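Let me begin by presenting the structure, written as structure tokens, before commenting on it.
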Amino acid sequence: MTILATILCEKRLEVERLLHEKIAVPKDVVRRPTLLEKLRGNSHLHVIAEMKRASPSKGMIAEGVNPVAQAIAYEQAGAACISVLTDAPFFKGSFADLAVVSEVVHTPLLCKDFIIDKIQIDKAKASGASVILLIASALTNAELLGLFTYATNAELEVLVEVHDKKELQRALDVDAQLIGVNNRDLKTFEVDLGRTEAIAEVFPFHEGRVLISESGLTGAEDAARVAKVGARAVLVGESLMRSGKVGDALKELQVKLPCDER
């Protein structure tokens, strides 16, 4: 089995547990800026900064991290959005992390998980998320459309993650405005920034959609490489989590967008 298939098997068990849980969205939901409008502005590359304890490919990254302190550091350094991994078995995250972070930051807040069921979207919103991730390679066309529609009807923004041109078309078919290219192959976990460049060649920038480059970015050189082809933001976790100076590491990624940016 691939790593993705293994993770999805575990997600189905998690969904079963969540279906037996009473999930209530608080009446006073925090109103956050929309990620789409935030990423459309500014003259520099935006950073979606991720709270990430571990990963299947790298093992433990920051075991004892305080999610509140990390999120505050990200916000103070100018992150456009904070991503919180909520998967427990493989990434050592939790919805509890998301909930406590939601109480201390005012930026858009992304629930980063392998979402396969509406109940996970309910849990994400109840935990304070304003954006959710849907991974095209983890879903059928019908599932992607159903979950995308459910989330937008719940007033959540949706970042649709793709890996190739075929998946890009699937994202466009559901009218995704925020589209992320995962440079990491979820079957092998190998990283190639060329994935962002390949998608950028056919990306409909003229429609106002936003391209985000995810995974494998470690500094200004990588950031400049994806900005050059039209990315408006990068999603970065590991290099920020390992950095001794979060502010400096984040600002290094905020490279100036080229004059001919899309």
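Keep in mind the model is a prediction, meaning the values are calculated, not measured.
Side-chain heavy atoms closer than 4.5 Å link hydrophobic residues (I, L, V, M, F, W, Y) into clusters, and following such links, possibly through other members, connects Val202 to Val181. Residues Val229 and Val191 fall into different hydrophobic clusters, defined by Ile, Leu, Val, Met, Phe, Trp and Tyr side chains chained together at heavy-atom separations under 4.5 Å. Using a 4.5 Å cut-off between side-chain heavy atoms of Ile, Leu, Val, Met, Phe, Trp and Tyr, with links allowed through other members, Leu13 and Ile135 fall into different hydrophobic clusters.
Here the side chain of Glu252 pairs a donor or acceptor atom with the backbone of Ala220 at under 3.5 angstrom. With hydrogens and angles ignored, the 3.5 Å screen pairs no side-chain donor or acceptor of Thr149 with any backbone N or O of Gly146. Side-chain atoms of Asp117 do not come within 3.5 Å of backbone N or O of Gln120 as any donor-acceptor pair. Judged purely by atom type and a 3.5 angstrom limit, His46 has no side-chain atom pairing as donor or acceptor with the backbone of Ala79. Panel note: side chain Arg32, backbone Ser102; a donor-acceptor pair is recorded below 3.5 Å.
Other residues, nucleotides and ligands place no more than 12 heavy atoms under 6.0 Å from the CD atom of Glu190.
Applying the salt bridge (Lys or Arg N to Asp or Glu O under 4.0 Å) rule to Glu50 yields the partners Lys112; only residues at least two apart in sequence or on another chain are considered. Legend: residues meeting side-chain hydrogen bond (donor to acceptor under 3.5 Å, both in side chains) with Gln169, ordered by chain and number and at least two apart, are Asp173. Legend: residues meeting side-chain hydrogen bond (donor to acceptor under 3.5 Å, both in side chains) with Lys11, ordered by chain and number and at least two apart, are Glu14, Asp87, Asp113.
Residues Ile179 and Glu161 are not in side-chain contact: their nearest non-hydrogen atoms beyond the backbone lie 4.5 Å or more apart. You'll find the side chain of Leu139 reaches within 4.5 Å of the side chain of Leu147, heavy atoms only. Within the 4.5 Å cutoff, the side chain of Pro67 has no heavy atoms near those of the Val84 side chain. Within the 4.5 Å cutoff, the side chain of Asp185 has no heavy atoms near those of the His163 side chain. Residues Leu45 and Leu257 form a side-chain contact, since some pair of their non-hydrogen atoms from C-beta on lies under 4.5 Å apart. Counting heavy atoms from C-beta outward, Leu156 and Val131 have side chains that stay 4.5 Å or more apart. Side-chain contact between Pro108 and Pro33 is present, with heavy atoms from C-beta onward closer than 4.5 Å. At least one side-chain heavy atom of Ile115 sits less than 4.5 Å from a side-chain heavy atom of Ile121.
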Exercise. Passes side-chain contact (heavy atoms from CB on, under 4.5 Å), Phe205 versus Val210? Steps please.
Worked result: CA-CA 7 Å; Phe205 293 102; Val210 172; over 6 Å; no
Problem set entry | Test salt bridge (charged side-chain N to carboxylate O under 4.0 Å, His left out) applied to Glu155 and Arg31, step by step | CA-CA 10 Å; Glu155 299 183 329; Arg31 295 294 174 185; 3.5 Å; yes
Exercise. Are Leu145 and Asn141 close enough, and set up right, to give a side-chain contact (heavy atoms from CB on, under 4.5 Å), and what steps lead you there?
Worked result: CA-CA 6 Å; Leu145 177 59; Asn141 289 343; over 6 Å; no
Problem set entry | CA sep, side-chain torsions, deciding dist, call: Glu197, Lys228, salt bridge (charged side-chain N to carboxylate O under 4.0 Å, His left out) | CA-CA 9 Å; Glu197 293 167 329; Lys228 182 179 179 180; over 6 Å; no
Exercise. Run the side-chain contact (heavy atoms from CB on, under 4.5 Å) check on Leu36 and Gln177 step by step: do they pass?
Worked result: CA-CA 7 Å; Leu36 181 63; Gln177 300 296 304; 3.9 Å; yes
Problem set entry | Chi angles and distances behind the side-chain contact (heavy atoms from CB on, under 4.5 Å) call for Glu63, Arg53 | CA-CA 5 Å; Glu63 184 174 11; Arg53 284 195 179 86; over 6 Å; no
Exercise. Checking salt bridge (charged side-chain N to carboxylate O under 4.0 Å, His left out) for the pair Arg209/Asp175: CA distance, chi angles, key distance, verdict?
Worked result: CA-CA 9 Å; Arg209 303 177 199 273; Asp175 199 26; 3.0 Å; yes
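Residue Ala176 comes nearest to Val160 through the heavy atom pair CB-CG2, 3.7 Å, listed as atom of the first residue, atom of the second, then distance. Smallest separation of non-hydrogen atoms from Ala227 and Val255: CB-CG2, 4.1 Å. Taking every heavy atom of both residues into account, Asp222 and Gly216 meet most closely at OD2-O, 3.6 Å. Summarising the geometry of Pro56 relative to Ile3, their closest heavy-atom pair is CB-CG2, 4.1 Å, with the distance given to 0.1 Å. Closest heavy-atom contact between Ile48 and Ser83: CG2-CB, 4.0 Å. Taking each heavy atom of Glu167 and Ser137 in turn, the nearest pair found is OE2-CB, 3.2 Å.
Here the CD atom belonging to Glu238 is positioned 10.0 Å from the CG atom belonging to Leu240, to the nearest 0.5 angstrom. Note that CG of Leu178 is 11.5 Å distant from CD1 of Ile132, once rounded to the nearest 0.5 Å. With rounding to the nearest 0.5 Å, the separation of CZ in Arg170 from CG in Asp164 is 9.0 Å. Rounding to the nearest 0.5 Å places OG1 of Thr34 at 8.5 Å from CG of Leu39. Summarising the geometry, atom CG belonging to Leu193 is positioned 6.0 Å from atom OG belonging to Ser213; distances are rounded to the nearest 0.5 Å. Distance CE/Met51 to OG1/Thr86: 10.5 Å, rounded to 0.5 Å.
Between the side chains of Ser243 and Asp248, no donor-acceptor pair is found at a separation under 3.5 Å. Asp122 and Tyr150 share a donor-acceptor pair across their side chains, judged by distance under 3.5 Å alone.
Ion pairing between Glu214 and Arg184 fails under the 4.0 Å rule for side-chain N and carboxylate O. A salt bridge links Lys123 with Glu21: at least one charged nitrogen is closer than 4.0 Å to a carboxylate oxygen.
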